[in-house]
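Both counts, for ligands and for their atoms, begin at 1 and track the order of listing.
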Amino acid sequence: MDKNKYKLLTPGPLTTTETVKEEMLVDLCTWDDDYKNMTQEIRAELLRLAHAESGYTTVLMQGSGTFGVEAVLSSVIKDTDKLLIAVNGAYSKRMAEICRYHRLPYAVVETAYDTIPQADAIEEALKADPAITHISMVHSETTTGILNDIAAVGEVAKKYGKKFIVDAMSSFGGVDIDVPALGIMYLISSANKCIQGVPGFSFIIAKEADLKETKGTARSLSLDVYAQWETMEKDGGKWRFTSPTHVVAAFRKALEELRAEGGIAARHERYARTNAALREGMEALGFTAYIDKDVQGPIITTFLYPETMSFDFQDMYAFLKERGYVIYPGKLTAQDTFRLGNIGEIYDEDVQKILQIFTDYMKGLK
Ligand SMILES: *Cc1c(COP(=O)(O)O)cnc(C)c1O
C-alpha cells in the first residue's frame, strides 16, 4: 500500500518506488559478509555507470551530499595546494564556505547565476595564478537548474595539468558522465538524487592514483576519504563507523531499478522529456522560467513569481500539496522564485496532473 500523501517535486529527497522502500524493512549486520558484499556490489556498479572501471575507485561516505563535498575538499586539498572554484549558484558557493571552515587556500571565478562558467575565464584565472592546483565546479546547479559545461572546463584542467573536482550531485545517474574522458579526478554524488535511493550517504568516484597520494591530508577523522577508502578496500566493503544499512540496501535496489529502466540513457530521456513538458506547460500558463532554454538542465526548473498581485507562494504550495504534489521554494536572493523538480518517480501522467493543478490555481487568482 502506498502510504505517501504526496509526490515530491524536490530534487532530493525525492519520491522513490515502493520496492526501494521495502528493502529497508530488513535489519542488516555491518560486519557480515552479505552486507559487505552489498557495499562492494554498489561500488562496482557506480564505477560501471561512470565508465570508470579502470584506474578509478569509489568511496561511500555517511551523511548527505554536502558531507561528501566537504569530505573531498578537506581530504584532498593540501595546505600547499590551491583550489579554484567556478561559482554560479548556491552549491558552488558552498564549496567556498567549506574551504573557509577548513582554512583551505582557494579562489573563485564567479558568473551570474543564469549563466554557465566560461572555460576561458577559468583559463585566465589559471594563467594569473600559478599557485592553483585544483579546479572545482558543480555540474547541475540545483539552485537554478542550469547544466554547466564540465567538458569545456575539463579540457582547460587537462591542458594546464590541474586536478578537476566535480559536484555531480544532481546529475550523476540522470546525465551520462564519462568520468575518465572528462578528466575528472573526483566526482561526488549522493544516494537520494538521480539514482533514486533514499537519503543517508554520498559517494565519491576517485582516480585511484591521486587518492593514494592524499593519505594524511584530511582535516577531519569522520570525513577522511582516504581512510574510508582504505578500510573499504582492505576489509572488503567494510565502512568505518556505523553505516546507514537500510539506506545502503535501498540504494542497491535503486541501482537495479535504474538498470531495469534502461540505464542512464533511458532515465535521462525521461527526465529531459518531463522537464521540457513542465517548462513548456508552465510557460503556456504565463510563468517565466529564470534561465534560458539552451542552458536548462533536465532535472529542475526555476520560475519567477507571477506578477499577479494576489499571488502568494504559501497559498500555492498548500493548494498543490492538498492535490498530491510538494514543490520547492526558490534559492535566489535577488528574485522571488520557486522551483519544480522532476527527478524521482515522476512520469508523463504526473506532468499532466501538475499542469492541470496549476491551471486551476491560476484561474482562482483572477
Ligand atoms: C543536493 C545537492 C548537494 C547536497 O546537498 P545535501 O542537502 O547536503 O544533500 C550538493 N550539490 C548539489 C548540486 C545538490 O543538488
Side-chain angles (χ1 to χ4, degrees), residues 8-16 59-74 83 85-99 101 108 110-111 113-114 116-117 135-150 153 164-175 177 184 186-205 220 222-223 225 244 247-248 250-251 254 267-268 271 275 290-291 295-302 326-332 337-344 346:
L8 299 165
L9 301 179
T10 60
L14 36 69
T15 301
T16 55
V59 188
L60 312 186
M61 185 64 80
Q62 294 92 333
S64 82
T66 304
F67 291 63
V69 177
E70 182 159 8
V72 168
L73 298 186
S74 64
L83 174 67
I85 310 168
V87 172
N88 71 329
Y91 294 99
S92 33
K93 225 174 174 171
R94 192 178 288 170
M95 288 179 173
E97 200 180 356
I98 290 169
C99 288
Y101 264 78
V108 300
E110 192 160 352
T111 49
Y113 284 15
D114 58 350
I116 64 171
I135 301 170
S136 73
M137 70 187 291
V138 171
H139 186 206
S140 164
E141 245 303 351
T142 322
T143 313
T144 57
I146 207 166
L147 192 66
N148 290 331
D149 189 353
I150 50 173
V153 176
F164 192 29
I165 301 170
V166 176
D167 167 349
M169 209 69 65
S170 68
S171 55
F172 189 79
V175 178
I177 303 173
I184 299 171
Y186 296 94
L187 177 141
I188 309 127
S189 190
S190 82
N192 63 295
K193 301 261 169 139
C194 300
I195 295 180
Q196 299 189 179
V198 304
F201 71 89
S202 63
F203 55 86
I204 296 133
I205 294 168
S220 149
S222 57
L223 296 179
V225 176
V247 178
V248 171
F251 189 74
R267 183 153 293 177
H268 179 263
Y271 286 174
N275 181 275
Y290 173 68
I291 56 170
V295 287
Q296 172 69 55
I299 73 121
I300 187 166
T301 309
T302 302
V326 156
I327 67 169
Y328 212 34
K331 215 179 171 70
L332 302 176
T337 55
F338 67 91
R339 293 175 290 171
L340 295 183
N342 55 277
I343 60 178
I346 302 295

J.: Is V69 close to I165 at the side-chain level, that is, under 4.5 Å between some pair of heavy atoms?
T.: no
J.: Between T143 and L332, is there a side-chain heavy-atom distance shorter than 4.5 Å?
T.: yes
J.: Anything with a heavy atom under 4.0 Å from ligand 1 counts, so go ahead and list those protein residues by chain and number.
T.: S64, G65, T66, Y91, R94, V138, S140, T142, D167, M169, S170, K193
J.: Look at the aromatic rings of F203 and F251 and report parallel, tilted or perpendicular, splitting at 30° and 60°.
T.: tilted
J.: Could you list the residues that satisfy side-chain hydrogen bond (donor to acceptor under 3.5 Å, both in side chains) with T66, not counting sequence neighbours?
T.: R94
J.: Shortest non-hydrogen contact from Y113 to I291?
T.: O-CG2, 4.4 Å
J.: Exactly one of V108, V72, V87, V138 should register a side-chain contact (heavy atoms from CB on, under 4.5 Å) with M95. Which one does?
T.: V138
